[in-house]
*Asks:* 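I have a structure I would like to understand better, so I am pasting it below and will then ask my questions one at a time.
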Amino acid sequence: MTSALLSDPLARAGAVLTIDLGAVVANWTQLRDRVAPAECAAVVKANAYGLGVERVVPALAAAGCRTFVVAQFEEALAVRAVAPPDARVLSLGGLPAGTAPDFTAHRILPVLNHLGDIAAWQAHAKAQGAALPAVVHIDTGMNRLGLGPDELDTLVGDLSRLDGVDVRVWMTHLACADEDSVVNSQQLGRFRSAVGRLPAAAASFANSAGIFHGPAFHFDLVRPGCALYGVNPTPGAANPMRDTIRLDARLLQVRNVDSPMTVGYGATHRVAARGKIATIAVGYADGYLRSLSGRGHVYVNGVAAPVVGRVSMDLVTVDVSHLPDAAVTPGGLVELIGPNRPVDTVADEGGTIGYEILTSLGARYHRVYRDPPPPEVA
């Protein structure tokens, strides 16, 4: 029989991920108020952008969110398990063959992306003897999912294809929402034209960045994702959203080095002078990207320290030569993401976007959740 662990799990942790659910809720509330009277959904795909569906969805639901959006059916099941019974769960990935009964059994709204999806849902509705709710995706320029121009013309020319399909929302998706691009106004015009040719239903257009293009983009339902989790939806301007995570990793060892020593795999970092190298317990297996090798920074006791050498699977080495010995004590925690290193800053150094940093957050972290404050009583 295995003996019970006696130490504190926090003490054993190589890295600690702190998730501020209050900040997530505050971000959603800010967006909800900005788009009113439109409804504000929450995109919680990819395990709520890495923060954890099982905690994020109930927190948002308690704040009043009633529409949750995911990419795949299995994700929708996870949301349905923790969402209120009256919540809508939308699955963007269409209607895989043979799965229609699963959608109705679990009250998940399929997003129908092509005429084949619509025909399959219509056939399922006929078999059920009742009209069934769904969302229909119209492609206005992304050229990924959704009814293309030819399919849209076919549908408009024969609206009987929608018999039994209770269209709750017509939706599309912005291709260049986080840019000042003419594509945004082109897509807006195409979407307005499309919904004007179709039976009346709610319309959904804006993602996180799209919300900040103004009321013309809001329609009836907005679908913010990254902004809920602290990624800046307005690149080039100050971030209007609150940071939602902090990642700290354990400092394992400090060693003295001098020229001509090298550090890490491939000997890519060559020591130029006498100094100190600290090794911390995080690596690309935890989602700390290998592309941060020789480019990233961490904060040790409030002071920036550069990543040197390659990020390996479990370890990162940083140059702490400029810090006093007392500031770099093994066992302490080092800030990788947090007040001094926002998600977008880490992403810039890694040559990627904040979405990838969040959705790469590893399973080995000790997670600490900060619950939102209780709602105010009127």
Side-chain angles (χ1 to χ4, degrees), residues 19-93 103 106-111 133-135 168-171 173-174 177 201-212 215 217-231 233 240-245 355 358-359 369-378:
I19 297 168
D20 187 346
L21 294 173
V24 176
V25 168
N27 288 338
W28 179 81
T29 301
Q30 179 197 146
L31 297 175
R32 177 202 65 189
D33 294 345
R34 187 181 189 96
V35 303
E39 181 186 356
C40 187
V43 179
V44 292
K45 60 185 180 178
N47 197 26
Y49 284 55
L51 274 65
V53 150
E54 73 285 350
R55 298 297 298 267
V56 169
V57 166
L60 289 172
C65 184
R66 283 301 180 271
T67 298
F68 297 93
V69 184
V70 297
Q72 300 176 358
F73 181 80
E74 295 298 327
E75 294 180 316
L77 284 181
V79 173
R80 175 54 71 203
V82 294
D86 63 340
R88 296 193 297 183
V89 183
L90 279 59
S91 181
L92 298 169
F103 280 83
H106 295 279
R107 296 182 299 110
I108 294 165
L109 268 66
V111 176
V135 176
R168 298 293 175 88
V169 181
W170 304 108
M171 67 160 280
H173 192 62
L174 281 158
S204 179
F205 189 30
N207 56 6
S208 290
I211 288 170
F212 290 84
F217 287 74
H218 296 167
F219 289 87
D220 304 295
L221 175 71
V222 298
R223 311 184 310 272
C226 72
L228 300 178
Y229 310 106
V231 172
M241 316 314 298
R242 286 176 52 179
D243 293 333
T244 62
I245 68 167
Y355 301 68
L358 290 174
T359 57
Y369 284 91
R370 293 179 178 168
D371 291 322
E376 295 183 4
V377 179

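When a residue number appears, it is its place in the shown sequence, counting from 1.
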*Asks:* Could you report the tightest heavy-atom contact between Cys65 and Cys40, atom names first, then the distance?
*Replies:* SG-O, 4.0 Å
*Asks:* Are Met241 and Trp28 close enough, and set up right, to give a side chain to side chain contact (heavy atoms under 4.5 Å, CB included), and what steps lead you there?
*Replies:* CA-CA 9 Å; Met241 316 314 298; Trp28 179 81; over 6 Å; no
*Asks:* Can you check side chain to side chain contact (heavy atoms under 4.5 Å, CB included) on Tyr49 and Val56, steps first, answer last?
*Replies:* CA-CA 10 Å; Tyr49 284 55; Val56 169; over 6 Å; no
*Asks:* Indicate yes or no: at least one non-hydrogen side-chain atom of His173 is less than 4.5 angstrom from one of Arg223.
*Replies:* yes
*Asks:* Would you check if the side chain of Asn47 reaches a backbone N or O of Gly50 as a donor-acceptor pair within less than 3.5 Å?
*Replies:* no
*Asks:* For Pro372 and Ala59, which heavy atoms make the closest approach, and how far apart are they?
*Replies:* CG-CB, 4.3 Å
*Asks:* Step by step, work out the salt bridge (charged side-chain N to carboxylate O under 4.0 Å, His left out) result for Arg88 and Glu39.
*Replies:* CA-CA 12 Å; Arg88 296 193 297 183; Glu39 181 186 356; 3.2 Å; yes
*Asks:* Do you know which of Ile19, Val25, Leu51 makes side chain to side chain contact (heavy atoms under 4.5 Å, CB included) with Thr244?
*Replies:* Leu51
*Asks:* Compare every heavy atom of Val82 with every heavy atom of Pro58, then report the nearest pair and how far apart it is.
*Replies:* CG-O, 3.8 Å
*Asks:* Any side-chain heavy-atom pair from Val169 and Val111 closer than 4.5 angstrom?
*Replies:* no
*Asks:* Can you find a pair of side-chain heavy atoms, one from Phe217 and one from Val222, that are under 4.5 Å apart?
*Replies:* no
*Asks:* Taking the side chain as C-beta and beyond, is there a heavy-atom pair between His106 and Val89 under 4.5 Å?
*Replies:* no
*Asks:* Check whether any side-chain N or O of Thr67 sits under 3.5 Å from a backbone N or O of Ala41 as a donor-acceptor pair, and report yes or no.
*Replies:* no
*Asks:* Counting N and O atoms only, with roles assigned by atom type, does the side chain of Arg55 sit under 3.5 Å from a partner on the main chain of Arg370, one being a donor and the other an acceptor?
*Replies:* no
*Asks:* Please report the closest heavy-atom contact between Ala71 and Ser91, naming both atoms and the distance.
*Replies:* O-OG, 3.9 Å
*Asks:* Can you tell me how far the CD atom of Glu75 sits from the CD1 atom of Ile108, to the nearest 0.5 Å?
*Replies:* 11.0 Å
*Asks:* Among Ile245, Asn27, Val43, Leu358, find the residue that satisfies the side chain to side chain contact (heavy atoms under 4.5 Å, CB included) test when tested with Tyr229.
*Replies:* Leu358
*Asks:* Could you pull out all residues at least two apart from Pro215 that satisfy side chain to side chain contact (heavy atoms under 4.5 Å, CB included)?
*Replies:* His218
*Asks:* With sequence neighbours left out, what residues match Arg80 under side chain to side chain donor-acceptor pair (under 3.5 Å)?
*Replies:* none
*Asks:* Ring-plane angle category for Phe219 and Phe205, please: parallel below 30°, perpendicular beyond 60°, tilted otherwise.
*Replies:* perpendicular
*Asks:* Indicate the atoms forming the closest heavy-atom contact of Ala83 with Ala87, along with that distance.
*Replies:* CB-CB, 4.0 Å
*Asks:* Using modelled atom types and a 3.5 Å cut-off, is there a donor and acceptor pairing between side-chain atoms of Ser204 and backbone atoms of Leu221?
*Replies:* yes
*Asks:* Mind checking what makes salt bridge (Lys or Arg N to Asp or Glu O under 4.0 Å) contact with Asp220, not counting sequence neighbours?
*Replies:* none
*Asks:* CG of Leu92 to CG of Leu109: how many Å apart, nearest 0.5 Å?
*Replies:* 11.0 Å
*Asks:* Rounded to the nearest 0.5 Å, what separation is found between the CG atom of Leu90 and the CE atom of Met171?
*Replies:* 8.0 Å
*Asks:* Give the intermediate values and the outcome of side chain to side chain contact (heavy atoms under 4.5 Å, CB included) for residues Asp20 and Asp243.
*Replies:* CA-CA 8 Å; Asp20 187 346; Asp243 293 333; over 6 Å; no
